[in-house]
Every structure is written in structure tokens, then in C-alpha cells.
2 protein chains.
Amino acid sequence: MNQACAHIIDDDEAIRDALQWLLKTRAVACRTWDSGEAFLEAWQPSWRGCIVLDIRMHGMSGLECFDALLARGCELPVIFITGHGDVPMAVAALKKGAFHFIEKPFTDHDLEDLVEKALALDAERQRAAANRDNIEAHLATLTQREREVMDLILEGKYNKVIADQLSISMRTVEAHRSRIFDKMAVRSAVELAQMLTVLRG
Amino acid sequence: MNQACAHIIDDDEAIRDALQWLLKTRAVACRTWDSGEAFLEAWQPSWRGCIVLDIRMHGMSGLECFDALLARGCELPVIFITGHGDVPMAVAALKKGAFHFIEKPFTDHDLEDLVEKALALDAERQRAAANRDNIEAHLATLTQREREVMDLILEGKYNKVIADQLSISMRTVEAHRSRIFDKMAVRSAVELAQMLTVLRG
DNA sequence: GTCGCCATTGTGGAATACCGCATACGTGGA
DNA sequence: TCCACGTATGCGGTATTCCACAATGGCGAC
């Protein structure tokens with residue numbers, strides 16, 4: 001399930017099948033869901049790809065499903081499909097972060113194009129997230145004390161000042177500093193600073 | 001003209017007057033324009049505030065005006081106003097970066113609220129831009145050579161390595177380094193790195 | 001209990017950064 | 001022409017970093 005995959009959520013089986021067939025001919029992996037509830041129950045944060053979400057469904061609407069996903073931290077690009085145009089709805093969805101909002105009828109090409117772009121966006125986001133995860137994994141190996149020392153290093157303070165501030169000896173600060181650079185796989189405080197501003201910026 | 005100001009662009013004088021009156025009662029400074037062309041000719045990059053832009057106008061349409069503004073680097077939040085709902089148009093405008101897309105009829109409160117939020121967004125952007133401008137102003141005082149040395153410092157290299165790479169002596173690198181810190185108003189390479197990652201991140 | 005991890009401190013020395021002062025050359029403007 | 005500025009270099013001294021090695025006490029896991 002770590003494969004990028006277009007999730008088609010629609011309560012109309014005929015449409016699910018049609019979309020799935022369309023995307024499969026374009027070599028896009030698909031998975032279909034017959035309701036927002038079903039998708040929400042199954043969804044895992046590690047999933048990649050995008051979501052094609054029908055607005056009007058029995059039970060939970062597409063918009064409700066979207067809201068629930070956002071609340072759970074799902075960042076998959078969402079392409080909304082709707083039968084009848086509604087500008088305020090489209091505006092609200094996009095301002096909340098939806099990827100696109102398209103009205104029926106649309107051409108095969110329209111949807112293929114949208115799905116491809118959504119998948120590309122997600123791939124790009126995943127690359128950025130992988131960077132952050134990697135840095136955070138390094139950070140996680142630091143002990144509490146090492147993190148305190150690191151914070152002070154990142155303020156550009158001398159070991160001497162850090163030692164005073166933490167009421168420990170300079171030697172200890174040096175030992176921490178050395179281990180920090182080692183664990184974070186950097187050679188200088190400058191590299192460390194750049195690494196972490198990527199994380200926070 | 002450095003005052004935040006809501007620019008109302010509409011070829012219907014009655015609407016211009018109505019919107020202007022509405023916003024003025026809310027203590028929002030306004031300026032009105034009877035065409036996209038007129039606004040485009042007058043617009044200056046230093047202007048702050050937001051734009052309320054009618055879609056359908058004689059001559060240049062609101063969307064054309066928007067495209068032209070984007071091409072010129074205008075980043076003012078744009079609130080589109082349209083008489084007849086058109087989802088694809090709204091989606092396209094928002095994906096290009098428009099702030100909002102609202103259909104007539106709307107209530108006074110709707111527009112007041114949108115304009116206030118757009119102004120707040122612009123104010124926030126201006127704060128961030130002021131930061132960047134400040135840093136760039138410092139950067140601009142650096143000589144060519146100093147910038148080269150700075151780039152190498154930001155790669156975490158020792159003065160010795162920098163000297164080798166630029167085929168100059170370590171002493172000279174030290175001199176540059178000192179002036180760089182002085183001009184950039186920082187005390188350490190770490191601060192410099194953080195300053196510049198803010199600029200680039 | 002023993003082992004490993006963490007925080008702590010220490011020694012001593014080599015490498016590097018940081019600072020003020022002085023000098024020199026070329027270029028462009030007053 | 002003289003002055004300001006950017007670039008480049010050097011000296012001497014102090015502060016700081018970086019490194020390898022060694023050691024102690026606390027704490028949780030096996």
C-alpha cells in the first residue's frame with residue numbers, strides 16, 4: 001500500500017468502474033471505494049497517490065469526507081467531481097486545499113490529466129516529506145541534553161557561553177557538540193543550521 | 001500610496017460607488033477604477049491592499065486583467081465578482097492564486113469580510129516581504145568578492161579551504177569574513193545561515 | 001548483579017577562528 | 001590630483017574549536 005494509487009470514491013458502481021478502467025489504461029494504479037465512510041475507515045497516513053471524490057453520495061457527502069480527511073491530517077490531493085455546478089462550493093473546497101473541482105461531463109483526457117498532475121504533486125510532497133522525516137529521524141537519536149546544547153549552538157553561542165548557561169563545564173559541552181554533529185551527520189554548525197531551517201521553514 | 005487600499009475595478013459606476021461607500025463605512029480606504037486597463041496602467045509594485053475585480057467588463061475582462069497583473073508580478077489578493085456562476089472559471093482563477101471568487105448577489109457582510117481578510121493577508125505578506133527586503137538590503141552592501149566568500153562560508157568550509165578554493169591567502173579570507181559579518185549585522189556563521197535560509201526557504 | 005547508555009568532567013595538544021593594525025595596488029569619482 | 005573604496009596580504013596575539021583518551025556516577029534492561 002506504499003504504492004502511489006488513485007483512490008476513486010463514488011457510490012455509483014458504473015462510474016467507479018468507468019474511472020478505474022480509464023485510469024488503468026493509463027497505467028495508473030487504482031482502488032475504488034463505494035462510500036466516504038469506507039475510505040475513511042481504511043485510510044492510513046502512509047498512503048500515497050490522490051483521491052477522486054464524488055460530491056453527491058448517499059450517506060456522507062464528498063465534502064464531509066474531505067473535511068474528515070483534513071481533520072485526520074490526510075494530505076492527498078483531492079479531485080472533486082460534481083454533477084451540477086456550484087461556485088461557492090467549489091471556492092470553499094479549493095480554499096480548504098482541494099486539488100481540483102471538476103463538473104460532469106468531462107472528457108477522459110480532462111480526468112487523466114488531473115489525476116496525473118495530482119499524482120505528481122503528491123510525489124513532490126512525498127519527496128519533501130521524506131527529507132523532513134530523515135532529519136527528524138536523526139533528531140530523534142539525540143538525548144534530551146544534546147538537544148538543549150544543540151538549541152544553544154543554533155543561536156550561535158560559544159561553547160563557553162553554553163557551558164555557563166547550562167551550568168556545566170566547557171568540556172561537557174564539547175563532548176555533546178561532538179556527539180551532536182556525529183549523530184546529525186554534519187560537519188559544522190552551519191550545516192546543522194541549514195538542515196534545521198529546512199525543517200522549520 | 002503606501003497606504004493599504006482596496007482597489008475596486010468595475011465598469012459599472014453604480015456598483016463602484018456602492019462598493020466604495022460600503023467599504024468606507026467600514027473604515028477601509030478605497031480607490032475605484034473603471035476598467036482593467038486603467039488599473040494596469042496606474043499600478044505600482046509598491047501598492048498594498050487588495051483588489052475587488054469584476055469578471056465581466058467592457059474591453060479587458062477581469063480574468064484578462066488578473067493574468068496581466070500576475071505577469072507583472074502583482075501579488076495583491078484579488079477578489080473576483082461575477083454575475084453568473086461558472087465553476088471552471090472559478091477553479092481556474094483560484095488555482096492561479098486568486099483570493100476569492102464570489103457570485104452576485106452577495107451581502108454587504110460577505111464582501112466586508114472578504115475584503116478584511118484579503119487586507120489581512122496582504123499585510124501579513126508585506127511583513128514577510130519587509131523581512132526579505134531588509135536582508136536583501138544588507139546583501140546588496142556586499143562586494144562581489146565578499147559574496148563569493150560568504151557562499152563558501154555557508155557551505156560550512158574552513159577559512160583555509162576557502163582560501164585554497166579562491167586562490168587567496170587565509171588572511172584575506174579572514175578579512176572578508178569579518179567584513180561580511182559586520183555588514184550583515186550578525187555575530188556568527190550560524191546566524192548568517194539562518195538569516196539566509198529564511199530568504200530562500 | 002552486570003552491562004550498556006547517558007551525562008559529566010578532565011588533560012593536552014593541534015588546528016582554526018577572531019581581532020586590530022599596517023600595507024599595497026588599481027579604479028573611479030570629487 | 002587626491003581621496004575613497006575594493007581587493008589583497010602580512011604579523012602577532014588571544015580565544016575557541018576539535019580531537020583522542022580516560023574516568024566517574026546514575027539509571028534502566030537483561
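Below, chains carry the letters A, B, ... as their sequence lines are ordered, and counting in each starts from 1.
- Of the listed nucleotides (C/dA7, D/dG6, C/dT9), C/dT9 has the atom at the smallest distance from the side chain of A/A175.
- More than 12 heavy atoms of other residues, nucleotides or ligands lie within 6.0 Å of CZ in B/R125, so this atom counts as buried by the packing criterion.
- Rounded to an integer number of Å, the gap from A/I162 CD1 to C/dT8 C1' is 16 Å.
- When only modelled atom types and interatomic distance are considered, B/K95 and A/H100 share a side-chain donor-acceptor pair under 3.5 Å.
- For A/T143 and C/dC5, the shortest distance from a side-chain N or O to OP1 or OP2 is not below 4.0 Å.
- In the set D/dC18, C/dT9, D/dG6, the nucleotide with an atom closest to the side chain of A/I168 is C/dT9.
- In this structure, A/F181 atom CZ and D/dC18 atom C1' are separated by 10 Å, rounded to whole Å.
- In this structure, B/M170 and B/L142 both approach DNA chain D, and ranking their closest nucleotides by distance from the 5' end singles out B/L142.
- Summarising the local packing, NZ of B/K160 is surrounded by 12 or fewer heavy atoms from other residues, nucleotides or ligands at distances under 6.0 Å.
- Within the 4.0 Å cut-off from OP1 or OP2 of D/dC18, at least one side-chain nitrogen or oxygen of A/R177 is found.
- Comparing atom distances between the B/T172 side chain and each of C/dT9, C/dC18, D/dT9 picks out D/dT9 as nearest.
- Rounded to whole Å, the distance from NE2 on A/H176 to C1' on D/dT17 is 16 Å.
- B/R179 places its CZ atom 14 Å from the C1' atom of C/dC18, with the value rounded to the nearest Å.
- Atom pair A/Q144:CD and C/dT8:P shows a separation of 11 Å (rounding to whole Å applied).
- Using a 4.0 Å heavy-atom distance criterion, A/E174 is classed as a base contact.
- Taking for each of B/K160 and A/E146 the nucleotide of DNA chain C with the nearest heavy atom, the 5'-most of the two is the partner of A/E146.
- For the pair A/D164 CG and C/dT8 P, the computed distance is 14 Å after rounding to whole Å.
- Going from atom CZ of B/R187 over to atom P of D/dA15 covers 14 Å, rounded to whole Å.
- Note: CD1 (A/I180) to C1' (C/dC6) measures 13 Å, nearest angstrom.
- Enclosure of atom CZ in A/R147 by more than 12 non-hydrogen atoms of other residues, nucleotides or ligands within 6.0 angstrom is indicated.
- Phosphate contact (OP1/OP2 of C/dA17, side-chain N/O of B/N159, threshold under 4.0 Å): present.
- Atom NZ of A/K183 has more than 12 neighbouring heavy atoms from other residues, nucleotides or ligands inside a 6.0 Å radius.
- Listed candidates were D/dT17, C/dA17, C/dG10. Nearest to the side chain of A/S169 is C/dG10.
- At the phosphate of D/dC11, neither OP1 nor OP2 sits under 4.0 Å from any side-chain N or O atom of B/R171.
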